[in-house]
Amino acid sequence: MKILIPGSFDPPTNGHIDVINRCADIFSDIVVGVVVNPSKDSLFSPEERSSILEEIYENKNNVKVESFEGLLVDFATSQSVDAIVKGLRAMTDFDYEFQMAQANSTLKGFETIFIPSSPEYGYLSSSMVKEIHSYGGDISSLVPKNVLEKMKNV
Ligand code: PNS
């Protein structure tokens with residue numbers, strides 16, 4: 001089964017990597033979709049976010065990284081995926097994700113499969129990483145090594 005894991009990944013966190021890795025153990029093919037979102041003030045460009053993820057998954061044959069613009073369902077169609085997978089951290093994620101899942105189902109019939117975050121990453125988000133980093137806090141246990149290196153320069 002081929003699935004799409006979409007997100008902003010600005011930056012990718014250990015929580016994202018945990019979800020992608022666990023999915024790669026379950027599903028045969030994974031497309032990680034990095035959204036190009038013009039309305040969002042992002043820390044890293046879509047190219048940088050994609051290349052961070054490509055570096056992490058360069059030796060994992062069933063994970064490929066692509067960026068996309070526009071509707072998720074159009075990208076999902078172009079990639080011929082069977083379903084969309086989203087990580088859920090807490091009930092606070094649920095309302096929004098549930099609405100998106102229903103919209104994506106209504107628009108083009110895509111099913112969304114939710115996977116719970118591992119307990120140790122239940123609180124973790126890209127925004128939290130950026131905030132901790134902006135105040136000089138230690139993010140070394142929260143992000144992959146290549147993100148840590150890149151964050152040293154911002
Ligand atoms: O990591 P994020 O920011 O929670 O990811 C959000 C993402 C990329 C999944 C969402 O913004 C998205 O699907 N964007 C594409 C535009 C779209 O299809 N919007 C309507 C969804 S119902």
Side-chain angles (χ1 to χ4, degrees), residues 1-24 26-27 29-57 60 62-134 139 141-144 146-148 150-151 154:
M1 186 167 173
K2 183 173 180 180
I3 58 119
L4 167 62
I5 305 178
S8 303
F9 303 105
D10 186 44
T13 68
N14 287 343
H16 291 127
I17 301 305
D18 176 63
V19 165
I20 297 167
N21 289 347
R22 285 161 58 213
C23 284
I26 300 170
F27 302 103
D29 290 289
I30 315 290
V31 179
V32 179
V34 178
V35 72
V36 178
N37 189 343
S39 67
K40 263 194 180 176
D41 241 353
S42 54
L43 181 65
F44 294 117
S45 69
E47 293 76 20
E48 288 174 306
R49 288 179 268 143
S50 295
S51 81
I52 288 168
L53 287 162
E54 274 162 8
E55 200 177 304
I56 294 170
Y57 290 106
K60 197 127 182 161
N62 67 334
V63 179
K64 93 176 170 162
V65 181
E66 299 282 345
S67 61
F68 74 99
E69 273 184 274
L71 282 179
L72 180 62
V73 287
D74 290 337
F75 178 62
T77 304
S78 75
Q79 293 292 314
S80 308
V81 298
D82 301 299
I84 295 161
V85 173
K86 294 286 194 76
L88 277 189
R89 287 164 299 190
M91 282 309 284
T92 43
D93 284 342
F94 187 78
D95 272 353
Y96 176 64
E97 293 297 345
F98 196 71
Q99 280 179 2
M100 294 231 286
Q102 289 181 327
N104 289 332
S105 166
T106 305
L107 284 169
K108 280 207 173 169
F110 278 101
E111 294 290 2
T112 298
I113 301 168
F114 294 121
I115 184 162
S117 67
S118 293
E120 63 268 40
Y121 302 124
Y123 65 94
L124 186 55
S125 66
S126 299
S127 320
M128 183 181 282
V129 165
K130 285 184 273 196
E131 182 160 343
I132 294 170
H133 181 69
S134 73
I139 55 163
S141 63
L142 309 180
V143 295
N146 61 350
V147 172
L148 192 62
K150 268 194 158 293
M151 298 268 305
V154 292

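No hydrogens, no waters, no symmetry mates; every other heavy atom, side chains included, goes into these values. Start at 1 and go down the list; that is how both ligands and their atoms are numbered.
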* To do: Spell out, as yes or no, whether a donor-acceptor pair under 3.5 Å connects the side chain of Ser126 to the backbone of Pro11.
  => yes

* Do Asp74 and Lys108 meet the salt-bridge criterion of a basic N to acidic O distance under 4.0 Å? -> yes

* Go through the side-chain N and O atoms of Ser118 and Asp18 and say whether any donor and acceptor fall under 3.5 Å apart. => yes

* Asked: Partners of Tyr121 by ring pair (Phe, Tyr, Trp, His ring centres under 6.0 Å), sequence neighbours excluded?
  -> none

* Asked: Do the ring planes of Phe68 and Phe75 sit parallel (below 30°), tilted (30 to 60°) or perpendicular (above 60°)?
  -> parallel

List ligand 1's nitrogen or oxygen atoms that come under 3.5 Å of a protein nitrogen or oxygen, with the partner atom and distance.
from	atom 1	to	atom 2	distance (Å)
ligand 1	1 (O)	Ser8	N	2.9
ligand 1	3 (O)	Ser8	OG	2.5
ligand 1	3 (O)	Lys40	NZ	3.2
ligand 1	18 (O)	Leu72	N	2.8

* Asn21 and Tyr57: side-chain donor and acceptor closer than 3.5 Å? -> yes

